[in-house]
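In what follows, a single structure is set out as structure tokens and then discussed.
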2 protein chains.
Amino acid sequence: MMEEGRTPKIVDVARLAGVSTATVSRTLSKPETVAQKTRDAVLKAAKESGYRVNLSARSLRSRRTGVVGVLVPNLGNTFFSRILAGIESTLARKGLSVLMVDTMHQTTKPEFILDYLNDSRVDGILSLDGSLSPTLLQAGQATAGLLPTVFVCEWHDQGNHPSIRVDNLQGSALAIDHLVALGHTKIGLINGPLDNVLSKARLSGALAAIKKANLKIDDSWQFESDFSLQSGVAAADSLLTLQDRPTALFCANDETAIGLISQLHRRGFYVPKDFSVVGFDDIDIARHYLPALTTIWQPRMELGEIGAQMLIERLENKASHTPQPAKVLPVELIIRETTAKPA
Amino acid sequence: MMEEGRTPKIVDVARLAGVSTATVSRTLSKPETVAQKTRDAVLKAAKESGYRVNLSARSLRSRRTGVVGVLVPNLGNTFFSRILAGIESTLARKGLSVLMVDTMHQTTKPEFILDYLNDSRVDGILSLDGSLSPTLLQAGQATAGLLPTVFVCEWHDQGNHPSIRVDNLQGSALAIDHLVALGHTKIGLINGPLDNVLSKARLSGALAAIKKANLKIDDSWQFESDFSLQSGVAAADSLLTLQDRPTALFCANDETAIGLISQLHRRGFYVPKDFSVVGFDDIDIARHYLPALTTIWQPRMELGEIGAQMLIERLENKASHTPQPAKVLPVELIIRETTAKPA
DNA sequence: ATTATAGTTGTAATCGATTACATTTACCAT
DNA sequence: ATGGTAAATGTAATCGATTACAACTATAAT
């Protein structure tokens, strides 16, 4: 029995089990170094007393937090949720937990994020946001050491952080080739933000594929979006102002594609009758949209799992700083109902 | 200039500014108790040395973490993202940060979540998941004190935790009344999980409204879902096996409604021609769906803001345990394209 | 001039674990 | 029996801040 009114500390457990605090500590973190019999006694005492380790004390002394910061550009986009699931389950298996930071919501600027994610809060960073790298690097120079960082999905060319991503060029090529095979010769692009690495990769992949098919692309057939539903709507309006319109559109992501299709529809143009549309990501709702969205599927769970695994490896052997090459996973074209032969 | 290779600690700043560590500490946390001149010197020294407070040391001593745990049933549902935005911005204004826990992804069971969210990790809890309350209470008895908890959206009848929610009964009534006004007399329900407080509230609101309109509801017109797209699909299939079918469906949430509409469509039944459908939540995509979804709008940002504010108040005056009554916000019916007069 | 008071600042104990190092125990080979 | 080695455990320093309390200063009131 414990005396009431005080949360038990490690000394209480030690006393109860008849051992030293060191032994209790070891039982909890390196059980294999403690004799079976002692271990049992300690665990019993810990359970009886309702002991919970004080995490602040632990990380103050051990210089580890057990927390990984995950930077997400926009939690509102469902694309990220399955990646997060992969990250979370992989980290949980190692006893690590996730501190999620929405770099869009976060009321503040990059410098704040770095101030926030200092090494007394997290042991490492998984960034799904490629735009933060330069600042991260700066901060790394300013303070003692750089936090181990792995980029997932997005990446940054400067600073050779390890990264796991998808073959965006291949994705674009699959999309364009599909449209070309259907007979489209006038293909437009709803690009993502032009400062985003994904957008840039997908754009250059698309342009390459268009060129390879010996097609031309009019500058007026390219529109800029910010990956949001709303920017798809805007793109539709811009598209319809054109005299000479493309017959097919390849979109930066599914949300943009849905916004686009939705607005085209409201303006009396139908997909795929009047326009073919291809998205990117295969978010959950893509298959349930009407018409169901033709899109590029990404192995989202795997991206999260592998990214987390890469970070774990960096955390475990801090010594080796061998700059791992970026890992790249393949994508797949999912043909549904938003693409057809041109009218 | 600092010597390299060592991250500066509070003593370094103190030395640099020519004051004691106590003064540095106070400058950083209670500036008003420090003379202007001293304050300036300390801040200058802190900046020059690139000092970052060690959060583990701080919370070990101060017994506060500055972190609020947010329990989310399913991050993959976009419904939550705007609530989270409201929570995050409100907490950030007070220097508090968010530790997000997806109670669905979390590989483990409630007892784990509580073990995880112990008071050395968070100062309080915002729960968007009503199912956890009983366990929370148990844990509160087992350990020293209960973590201050506020429920947002969902709630629990046991244990009078403060909560902020939406008028679910009113939402159901608005939906049903709308369908009745259109002339529907055979109204079916796609309910959420029957152990969920939201589902129960919405169901009883709907039944009351149906009764008030002097209509009957056949048991076979009620279907159970789990708020997912997939369960909407399943509901459509069940619905179509019926001989005597309702002409309108009120769904537990928008995702279910979209799954339902999508599958009805694939089976050759159209909305709103063959069936009228009303959702609940007004997620971002609702207005961009084809047909655009008639639904019940919730003040999501406000839910998050007020919930966070309520928790902040509890954290600030720990003394007053006056059990605040649940706050309830109104909802709105948004009429779009999925409802029409019965055929 | 003296005392009271409020405003600043410093000293040093403290939060609760981990872990380097020392010590003891157990076991085996000689 | 003896020495050597490995395994298990204990002692006490340590992580880096916060804060109770003491001490000092400046100003106002008497």
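In the text below, chain A, chain B and the rest are named by the order of the sequence lines, each starting its count at 1. Every heavy atom of this structure was used, including side-chain atoms; hydrogens, water molecules and symmetry mates were not.
The two residues A:Tyr51 and A:Pro8 come nearest to each other via the heavy atoms CD1-O, 3.5 Å. Taking both residues in full, the closest heavy atoms of B:Ser49 and B:Leu16 are given as CB-CD2, 4.2 Å, listed atom of the first, atom of the second, then distance.
In this structure, A:Val53 and B:Thr33 both approach DNA chain C, and ranking their closest nucleotides by distance from the 5' end singles out B:Thr33.
Applying the salt bridge (Lys or Arg N to Asp or Glu O under 4.0 Å) rule to pairs touching residues 14-27 of chain B yields B:Asp12-B:Arg15, sequence neighbours excluded.
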Intermediate values then yes/no, side-chain contact (heavy atoms from CB on, under 4.5 Å), A:Asn54 and B:Leu60 = CA-CA 8 Å; A:Asn54 182 308; B:Leu60 172 59; 4.3 Å; yes
message = Set out, in order, the CA-CA distance, both residues' side-chain angles and the distance that settles side chain to side chain donor-acceptor pair (under 3.5 Å) for B:Asp129 and B:Ser131, then state yes or no.
response = CA-CA 6 Å; B:Asp129 183 336; B:Ser131 70; 2.7 Å; yes
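One can place CD1 of B:Ile10 at 15 Å from P of C:dT9, the figure rounded to the nearest angstrom.
Partners of A:Arg300 under the salt bridge (Lys or Arg N to Asp or Glu O under 4.0 Å) rule, at least two apart in sequence or in another chain, are A:Asp284. Applying the side-chain hydrogen bond (donor to acceptor under 3.5 Å, both in side chains) rule to A:Glu305 yields no partners; only residues at least two apart in sequence or on another chain are considered.
Taken together, the paired segments of DNA chain D that extend over three or more consecutive Watson-Crick or G-U pairs, each closer than 3.5 Å at both contacts, are C:1-30 with D:1-30.
Tested against B:Leu71, the residues B:Leu128, B:Ile125, B:Asp102 include a single side-chain contact (heavy atoms from CB on, under 4.5 Å) partner, B:Ile125.
At distances below 3.5 Å, not a single donor-acceptor pair connects side-chain atoms of A:Arg165 with backbone N or O atoms of A:Ala326.
Scanning DNA chain D 5' to 3' for nucleotides with an atom closer than 4.0 angstrom to a non-hydrogen atom of chain B gives a first and last hit of D:dG16 to D:dT19.
Within residues 21-32 of chain B, the residues approaching DNA chain C are B:Thr21, B:Ala22, B:Thr23, B:Arg26, by heavy-atom distance under 4.0 Å.
A heavy-atom distance below 4.5 Å is not found between the side chains of A:Leu99 and B:Val98.
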